[in-house]
Amino acid sequence: MDASEAERVLDAVEKLESRHGISIIKLSEPISSTLSQPSDPTSENSSSSSNTNNAELRTSDVSNTSLGAPTPASLEADLAHYRELFAKLRFSYVEQVTKEKFIRAIVGDPPVIVAPHENAALEASNAASKAALKALKNDVADVTADLAARGRDLSRRYEARRAGAATLRDMPARLAGLEDEVDRLRAEQERETGGGGAGRPELRLPLAATLDLVEERRARRAALDRQLEQLAAQVPRKRKEAERLRAELQPLEARRLNSAAAAGEARKRKEAALGGAGDDLEERGRWWRASETVLKRMLEV
């Protein structure tokens with residue numbers, strides 16, 4: 001579309017607005033009510049006052065509700081709303097221009113007569129214009145999608161920068177708290193070691209040695225965990241074996257008790273038969289056995 005065509009379209013829109021009072025707000029109302037207004041001043045005044053009242057009573061205008069605190073959802077609603085309004089405006093403009101051209105062609109002197117070849121040429125020109133317009137719309141859609149993606153990316157980066165700035169603002173206080181904690185731990189360590197460097201030497205290791213010690217402790221803990229798992233796997237078998245040994249031990253324990261009781265009874269009967277001389281004979285027997293052992297060692301027999 002060249003400059004002259006754009007100027008012609010703008011002039012037509014201005015004439016249409018001045019004639020029918022079309023605006024974006026009024027386009028949200030039915031177009032038929034605007035086009036069917038009476039021509040006398042009284043009705044115009046009454047209709048203008050009613051339009052004013054209707055405009056004041058309108059609550060469905062999305063722009064009126066989203067100016068306070070715009071959000072992505074409200075902006076999407078605004079975009080859909082204004083697309084609908086501009087679609088109505090385009091339809092009204094095309095309808096009005098078509099009617100005007102048709103009436104001028106009919107009442108003109110001489111009337112405009114269009115030949116079939118002119119219609120064919122106009123259809124071909126319209127098809128080419130439609131193809132170019134579709135290509136431009138696709139380009140605009142691609143650019144819009146790219147801009148939307150960039151906007152979302154910038155929004156995420158902005159939120160990340162805000163979060164990073166908040167973290168940086170909190171960092172001095174956190175560093176001060178960590179330094180206080182380090183001082184407290186050092187003072188506690190000095191109290192535990194008595195200031196002489198004894199106690200827990202691993203607390204005084206450098207970072208590399210501390211990391212090596214941590215890895216060693218982790219490996220030892222992993223080995224202990226594996227050993228515990230192996231022992232836990234052996235627990236049922238060991239429990240069954242213990243139960244079997246306990247079952248075998250019960251008869252032996254009963255036999256031991258019976259043997260001890262029988263030995264006690266036999267000793268009592270022996271002492272009763274010897275008249276209390278059993279203890280003396282037992283001591284003398286132990287003395288003779290000891291003497292025999294000593295003599296055999298001395299004589300190497």
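Owing to the predicted nature of the structure, the values given are computational and were not obtained by experimental measurement.
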Asks: Please determine whether a side-chain nitrogen of the Lys or Arg among E159 and R156 lies less than 4.0 Å from a carboxylate oxygen of the Asp or Glu.
Replies: no
Asks: Main chain of D142, side chain of D146: is a donor-acceptor contact present, judged purely on distance under 3.5 Å?
Replies: no
Asks: List the residues meeting side-chain hydrogen bond (donor to acceptor under 3.5 Å, both in side chains) with E216, not counting sequence neighbours, and say none if there are none.
Replies: R220
Asks: Residues sharing M171's hydrophobic cluster, by side-chain heavy-atom contacts under 4.5 Å among ILVMFWY, directly or via others?
Replies: L175
Asks: Strictly below 4.0 Å, N to O, side chains only: are D180 and R184 in salt-bridge contact?
Replies: no
Asks: Using only atom types and a distance under 3.5 Å, with no angle test, would you say the side chain of S155 pairs donor to acceptor with the backbone of G151?
Replies: no
Asks: Tell me, with the steps shown, if E229 and R226 meet salt bridge (Lys or Arg N to Asp or Glu O under 4.0 Å).
Replies: CA-CA 5 Å; E229 290 177 359; R226 289 192 297 270; over 6 Å; no
Asks: Would you check if the side chain of T144 reaches a backbone N or O of V140 as a donor-acceptor pair within less than 3.5 Å?
Replies: yes
Asks: Restricting to non-hydrogen atoms, name the atom on T98 and the atom on V94 that form the minimum distance, rounded to 0.1 Å.
Replies: OG1-O, 2.6 Å
Asks: Nearest 0.5 Å, what's the CD-CG distance between Q250 and L245?
Replies: 11.5 Å
Asks: Kindly state each residue pair satisfying side-chain hydrogen bond (donor to acceptor under 3.5 Å, both in side chains) with at least one member in residues 234-247, sequence neighbours excluded.
Replies: R244-E248
Asks: Taking S259 for its side chain and R255 for its backbone only, find out whether a donor-acceptor pair lies under 3.5 Å.
Replies: yes
Asks: Please determine whether side chain to side chain contact (heavy atoms under 4.5 Å, CB included) holds for the pair R186 and V182, giving the CA-CA distance in whole Å, both sets of side-chain angles, and the decisive distance to 0.1 Å.
Replies: CA-CA 6 Å; R186 286 178 178 174; V182 169; 3.6 Å; yes
Asks: Can a donor-acceptor pair be found, under 3.5 Å and without considering hydrogens, that links the side chain of N258 to the backbone of A254?
Replies: yes
Asks: Once you round to the nearest 0.5 Å, how far does OG1 of T210 lie from CD of E215?
Replies: 12.0 Å
